Engineer: 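Take this structure, written in structure tokens, and hold onto it; I'll ask about it next.
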2 protein chains.
Amino acid sequence: MVNSFMEIPLLDPLAGLPGYALRRAANAMMAELARRLATLDLRISEASVLMLVGERRDVTSSAIGRSLDIQRANMVPLLSRMESAGLIAREPIDRKSQAIVLTDAGKLRLKAADMVTTTFEADLLERIPQEHRPHFLPALHALWD
Amino acid sequence: MVNSFMEIPLLDPLAGLPGYALRRAANAMMAELARRLATLDLRISEASVLMLVGERRDVTSSAIGRSLDIQRANMVPLLSRMESAGLIAREPIDRKSQAIVLTDAGKLRLKAADMVTTTFEADLLERIPQEHRPHFLPALHALWD
DNA sequence: TATTGTTATACTCTATAACTATA
DNA sequence: TATAGTTATAGAGTATAACAATA
């Protein structure tokens with residue numbers, strides 16, 4: 001053993017980088033959210049679809065994808081799984097487009113997902129010291145758009 | 001066409017959720033960083049390894065993984081690719097462990113990666129309005145650990 | 001006993017190209 | 001012409017289980 005302190009993670013030299021910290025924080029929080037949503041047999045992307053469709057009408061697969069930044073092609077297996085699970089149904093808008101709507105089971109699952117995410121968001125904010133808390137969402141939005 | 005406003009992304013009902021905004025901001029920023037590092041033929045994980053190993057000595061594959069939150073098993077293909085690219089080499093510590101060290105080419109690539117990430121981090125911070133900026137890193141660290 | 005390095009495997013997310021049909 | 005829905009495919013990250021060899 002050349003260096004006996006080798007195994008002690010003294011100080012992460014990358015921790016001071018906002019971009020790196022952003023990635024680590026997002027990974028940690030999303031892993032926690034995924035764990036909680038798994039109790040409802042939902043992935044994060046599926047819960048997002050439920051919440052989005054629950055508040056809108058006549059939302060097509062493509063429109064959902066644009067909102068959530070998921071490509072058209074990747075919406076196909078996502079919505080297929082949700083349809084197989086009985087959470088959503090497709091209703092024709094015209095001969096080209098279909099509206100994604102929630103089934104009764106989907107609405108019920110949405111209620112449960114809303115409770116989980118509400119608790120999750122509250123827990124997340126509570127971890128941030130009060131003086132930093134009001135600045136968090138505005139800072140994120142500045143990066144997002 | 002049932003709803004002519006269907007295609008207009010009026011207001012994302014999920015945008016107010018800090019967790020959702022955290023994910024979107026991290027995705028957007030990491031996509032941008034990945035794009036910039038790609039000009040150096042580096043992935044984010046590879047640049048992270050370069051920066052970590054560049055500041056330490058006798059760091060084993062397992063220790064790097066613990067620092068970067070990458071599992072042992074997933075370090076294997078990562079380091080293999082970097083070794084094939086001539087960026088790192090392995091030096092025996094004992095008959096069980098190997099130290100990951102930077103080759104000359106690795107040190108050169110690290111310098112380039114440092115310039116890219118320094119610019120990236122500065123650009124990231126500049127996008128955040130001044131009054132929110134000092135609160136960003138502390139808030140992220142509160143979520144991370 | 002615990003840890004290192006490794007192999008194998010599988011799942012999720014993401015990205016691109018291409019095609020058909022319809023607006 | 002542009003858009004919707006789809007298929008196929010590939011890359012990247014991540015997760016678990018298992019194994020041999022060594023600390």
Side-chain angles (χ1 to χ4, degrees), chain A residues 1-4 6-9 20 23-24 26-35 37-38 41-49 58-83 88 90-100, chain B residues 1-4 6-9 23-24 26-35 37-38 41-49 58-83 88-100:
Chain A
M1 184 88 72
V2 174
N3 176 359
S4 61
M6 186 178 63
E7 304 306 350
I8 305 172
Y20 182 74
R23 185 164 75 118
R24 292 295 295 266
N27 286 348
M29 288 299 98
M30 289 310 106
E32 170 64 17
L33 177 57
R35 200 185 60 74
L37 285 174
D41 191 26
L42 285 176
R43 302 174 192 166
I44 293 177
S45 54
E46 295 169 336
S48 304
V49 169
D58 307 321
V59 180
T60 63
S61 169
S62 297
I64 296 171
R66 278 191 293 274
S67 256
L68 298 178
D69 198 30
I70 300 174
Q71 311 212 21
R72 275 201 319 287
N74 296 327
M75 291 298 300
V76 177
L78 205 182
L79 293 182
S80 289
R81 199 186 112 104
M82 294 182 73
E83 191 176 23
I88 60 164
R90 303 170 201 257
E91 292 180 355
I93 294 177
D94 50 37
R95 278 186 300 175
K96 182 180 169 187
S97 304
Q98 296 172 318
I100 307 297
Chain B
M1 183 89 72
V2 173
N3 176 359
S4 62
M6 185 179 66
E7 304 305 350
I8 304 172
R23 186 165 75 121
R24 292 294 295 267
N27 286 349
M29 289 299 98
M30 289 309 107
E32 171 63 19
L33 177 57
R35 200 185 61 75
L37 286 173
D41 192 27
L42 286 176
R43 302 174 193 167
I44 293 177
S45 56
E46 295 170 335
S48 303
V49 169
D58 307 322
V59 179
T60 63
S61 169
S62 297
I64 296 171
R66 279 191 293 273
S67 254
L68 298 179
D69 198 29
I70 300 174
Q71 310 212 23
R72 273 202 321 287
N74 296 328
M75 291 299 299
V76 177
L78 205 182
L79 293 181
S80 290
R81 199 186 113 104
M82 294 183 72
E83 190 176 24
I88 61 164
R90 302 170 201 257
E91 291 180 356
I93 295 177
D94 50 37
R95 279 185 301 176
K96 182 181 169 187
S97 303
Q98 296 171 318
I100 306 298

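Lettering follows sequence order; numbering is per chain, from 1. These numbers were taken from a predicted model, which means no experiment stands behind them.
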Engineer: Expressed as a whole number of angstroms, how long is the span from A:Asn27:CG to D:dA15:P?
Structural biologist: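 Interatomic distance, CG of A:Asn27 to P of D:dA15: 9 Å.
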Engineer: Could you check how far CG of B:Leu33 sits from C1' of C:dT14, rounded to whole Å?
Structural biologist: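 Spelled out: CG on B:Leu33 to C1' on C:dT14 is 17 Å.
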Engineer: Expressed as a whole number of angstroms, how long is the span from B:Leu42:CG to D:dG13:C1'?
Structural biologist: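 Interatomic distance, CG of B:Leu42 to C1' of D:dG13: 17 Å.
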Engineer: Roughly, in whole Å, what's the span from CZ in A:Arg66 to C1' in D:dA2?
Structural biologist: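 Result: 11 Å.
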Engineer: Can you tell me the distance, in whole Å, between the CG atom of B:Asp41 and the C1' atom of D:dA12?
Structural biologist: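 After rounding, the gap between these two atoms is 14 Å.
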Engineer: Can you tell me how far C1' of D:dG5 sits from CE of A:Met75, to the nearest Å?
Structural biologist: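 Rounded to the whole Å, the gap is 11 Å.
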Engineer: What pairs with B:Arg81 under salt bridge (Lys or Arg N to Asp or Glu O under 4.0 Å), at least two apart in sequence or on another chain?
Structural biologist: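 Partners of B:Arg81 by the salt bridge (Lys or Arg N to Asp or Glu O under 4.0 Å) criterion, ordered by chain and then number, come out as B:Asp41, B:Glu46.
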Engineer: Going 5' to 3' through nucleotides 5-12 of chain C, assign each nucleotide B (protein heavy atom under 4.0 Å from a base atom), S (under 4.0 Å only from sugar-phosphate atoms) or - (no protein heavy atom that close).
Structural biologist: BBBB---S
Engineer: So does A:Gln71 get a side-chain nitrogen or oxygen closer than 4.0 Å to the phosphate oxygens (OP1/OP2) of C:dT14?
Structural biologist: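 The answer is no; no side-chain N or O of A:Gln71 sits under 4.0 Å from OP1 or OP2.
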Engineer: To the nearest Å, how far apart are B:Leu78 CG and D:dT14 P?
Structural biologist: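 After rounding, the reported distance stands at 10 Å.
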Engineer: How many Å lie between CG on B:Leu68 and P on D:dA12, as a whole number?
Structural biologist: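 Distance check: B:Leu68 CG to D:dA12 P gives 18 Å.
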Engineer: Suppose we screen for salt bridge (Lys or Arg N to Asp or Glu O under 4.0 Å). Which residues come up paired with B:Arg95, at least two apart in sequence or across chains?
Structural biologist: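 Result, salt bridge (Lys or Arg N to Asp or Glu O under 4.0 Å) vs B:Arg95: none returned.
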